[in-house]
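Accompanying notes for the structure given below.
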There are 2 protein chains.
Amino acid sequence: MNEQSKALASQPSQAEQVAQELERAIHEHRLTPGAKLGEDEIAEVYGVSRTIVRAALQTLAHQRLVELRRNKGAFVAQPSVREAREVFEARALLEPRTARSAAERMTKADLDALTRQIEEEHAALAAGDSGRALFLSGQFHIEIARIADQATIAAFVSELVSRSSLIIALYWQRRAALCESHAHHALIEAFRDRDGDRAEDLMKGHLLDLVTSLDLRNVAPMPGSLREALGK
Amino acid sequence: MNEQSKALASQPSQAEQVAQELERAIHEHRLTPGAKLGEDEIAEVYGVSRTIVRAALQTLAHQRLVELRRNKGAFVAQPSVREAREVFEARALLEPRTARSAAERMTKADLDALTRQIEEEHAALAAGDSGRALFLSGQFHIEIARIADQATIAAFVSELVSRSSLIIALYWQRRAALCESHAHHALIEAFRDRDGDRAEDLMKGHLLDLVTSLDLRNVAPMPGSLREALGK
DNA sequence: GAACGCATAATCGTATACAATACTGTGGTG
DNA sequence: CACCACAGTATTGTATACGATTATGCGTTC
């Protein structure tokens, strides 16, 4: 079962590839909070050994996307209400100021890329692929940190966005799935105008909207089959 | 070589223990940036297998304390000048506001613990153990985030403090090793007065002092023997 | 004498084997 | 009928073995 592995798959490391696949599955809510991630099962699905799978799961555990329970296995994390609040608290500290920096150093190319991303998000939403739309909506925030030229903050934001995806899966009260799009559009305009103040305010408001659109009182777990969610 | 392992050492997981030992060695500058962390060597030192060591190294890599170079091995990270700036940029966003929250919800017990920590830091410094003093000085910042009751932010601050330790090892220009102590004392007083505004300002200034006390222009690597630094 | 190439050794990457622990179902007993 | 004990099964934790890649040292050649 290592015939194709020596082909050329070893550059970005098999473990990272598996981690990325799982991460995306979680982002798109194909894997829902609480789902069991059996080592043997994943190993078989991707045709690698458990060693690789364990490394990937450890990576995701460090991002708090999966929880490693000793002698029990790996599970998609189920952020508590408290953790949900903390995540958005952290985002409130990091993202508005970062949006300001981004606005100030935004280039035309950056703006185009951002605009293209929003359009893709709209397309996904129109196509009914809300999973992908949600994923792209998160990428938007990460991209801003990248444009602000702050790799360290970008890494934090990336982790927080991932965790937000789990939080949304658990606590989202359905209504106005695209209120975000408006917020993102408004941000783009602020960026176009190089208006740091406005970008900061808009981001602050956007995050506030997000957290208030959650129902942070009760819980709602969901099992779901792993092999099915992974597609094959 | 697993006689003592089944004793009762398995609770906090061997990998985490090794990771903690290495982390502390890095914090206290017994392991300096660029040092090679050979898997076999560490495995032998702690009497565990390479499997455990690899897990520990991966953990540290996620915290950016060590750099994993493919087919080359693990090395203590050498933050670039740019990364150094980014780390303090992130701290500037997170810590002042967190200090304010901490001040507002500080209890007498918290204050006592914090005070005790400062005294211990002074004692270490007086005893000439500057490595431990530096470690405790970092713990002070982490403790504040914990008191603010923000576990998520505390985790970020913890990582940033760790990385700051590496940055100090590389870019510190010796002078006024205890200017920090003054800043920490001033913060304690603000906490005692429940003065959130002052705590936020003091923390902002403290971080600014820290970053300006660095020489962010040149580099200075250092090898050093591993087995020696680990003590046994 | 310097530079290149090859053989050797060391180290990492991955797979697999075995041990330890937790889960499941069955049979018995109160 | 409910509950507990126990055996069997499955899954994770750890160690080790093997293959691949990289570093090193020596000998040859120009």
Side-chain angles (χ1 to χ4, degrees), chain A residues 1-22 31 34-62 66-77 223 225-227 230, chain B residues 1-22 31 34-62 66-77 221 223-227 230:
Chain A
M1 63 186 57
N2 62 346
E3 312 86 14
Q4 85 293 2
S5 59
K6 48 177 36 175
L8 50 86
S10 321
Q11 187 58 331
S13 156
Q14 299 185 75
E16 286 178 35
Q17 271 186 269
V18 173
Q20 264 193 314
E21 293 250 14
L22 289 172
L31 284 171
K36 172 92 193 276
L37 302 172
E39 298 183 357
D40 281 324
E41 201 167 356
I42 298 175
E44 198 178 343
V45 168
Y46 294 110
V48 296
S49 101
R50 273 179 55 215
T51 307
I52 307 294
V53 174
R54 282 179 76 78
L57 289 175
Q58 222 191 312
T59 297
L60 297 176
H62 284 136
V66 318
E67 189 183 342
L68 256 36
R69 284 199 276 260
R70 188 167 182 78
N71 284 321
K72 299 280 182 58
F75 303 81
V76 178
S225 151
L226 168 61
R227 181 173 246 111
L230 292 178
Chain B
M1 67 183 57
N2 62 346
E3 314 85 11
Q4 85 295 0
S5 60
K6 47 177 36 175
L8 49 84
S10 321
Q11 187 59 333
S13 156
Q14 298 184 77
E16 286 178 34
Q17 270 187 268
V18 172
Q20 266 192 315
E21 293 250 14
L22 290 172
L31 283 172
K36 172 95 193 277
L37 302 171
E39 297 183 356
D40 282 323
E41 200 167 355
I42 298 175
E44 197 178 345
V45 168
Y46 294 109
V48 295
S49 96
R50 273 180 55 214
T51 307
I52 307 293
V53 174
R54 282 180 75 79
L57 290 176
Q58 221 191 310
T59 297
L60 297 176
H62 285 283
V66 319
E67 190 183 342
L68 258 36
R69 284 199 274 261
R70 190 171 180 77
N71 284 321
K72 299 281 182 60
F75 302 81
V76 178
S225 152
L226 168 61
R227 183 172 243 112
L230 293 178

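Just so it is clear, the values below take in all heavy atoms, side chains as well, and ignore hydrogens, waters and symmetry mates.
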How many whole angstroms separate atom CD of A/Glu16 from atom C1' of C/dG13? 13 Å

Counting just side-chain N and O atoms, does A/Gln14 come under 4.0 Å of either OP1 or OP2 of C/dT14? yes

Looking only at D/dG13, C/dT14, D/dA15, the nucleotide nearest the B/Val48 side chain is D/dA15

Distance, rounded to the nearest Å, where A/Arg69 contributes CZ and C/dA20 contributes P: 25 Å

Partner set under salt bridge (charged side-chain N to carboxylate O under 4.0 Å, His left out) for A/Glu39, not counting sequence neighbours: A/Arg50, A/Arg54

If you round to the nearest 0.5 Å, how far is CD of A/Glu67 from CZ of A/Phe75? 8.5 Å

Provide, to the nearest angstrom, the distance between the CD atom belonging to A/Gln58 and the C1' atom belonging to D/dT14. 14 Å

Would you check if there is a donor-acceptor pair between the side chains of A/Glu16 and A/Thr59 at a distance under 3.5 Å? no

Answer whether the closest heavy-atom distance between the side chains of B/Leu57 and B/Leu22 falls below 4.5 Å. yes

Length of the line joining A/Arg54:CZ and C/dT16:P, which is rounded to integer Å: 16 Å

Under 4.5 Å between any side-chain heavy atoms of B/Val53 and B/Asp40, yes or no? no

Could you check how far CD of A/Glu44 sits from C1' of C/dA15, rounded to whole Å? 16 Å

Would you say A/Arg70 reaches D/dG13's phosphate, i.e. side-chain N/O to OP1/OP2 under 4.0 Å? no

Among C/dA15, D/dT14, D/dA15, the nucleotide that comes nearest once only the side chain of B/Thr51 is considered: D/dA15

Per-helix bend value, the helix from C/dG1-D/dC30 to C/dG30-D/dC1, C1' rotation axes over five pairs per end, 10° rounding, shows 10°

Length of the line joining B/Glu39:CD and C/dT14:C1', which is rounded to integer Å: 12 Å

Roughly how many Å is it from CD1 in A/Ile52 to C1' in C/dA15, rounded to a whole number? 9 Å

Minimum-distance pair of heavy atoms, taken over all atoms of B/Ala43 and B/Ser49: CB-C, 4.1 Å

Below 3.5 Å between N/O atoms, which protein atoms pair up with nucleotides 23-25 of chain C? Just atom names and distances, please.
none

Over all heavy atoms of both residues, which pair between A/Ala74 and A/Leu68 is shortest? Give the atoms and the distance, please. CB-CD1, 3.6 Å

Would you say the side-chain atoms of A/Gln14 pair up with the backbone N or O of A/Ile52, donor to acceptor, closer than 3.5 Å? no

Which nucleotide in C/dG13, D/dT12, D/dT16 has an atom nearest any side-chain atom of B/Ser49: D/dT16

Testing C/dT14, D/dT12, C/dC12 for proximity to the side chain of B/Lys36, the answer is C/dC12

Nucleotide D/dT16, atom C1' - distance to CZ of A/Arg50 in whole Å: 14 Å

Interatomic distance, NE2@B/His62 vs CD@A/Gln58, rounded to 0.5 Å, equals 6.0 Å

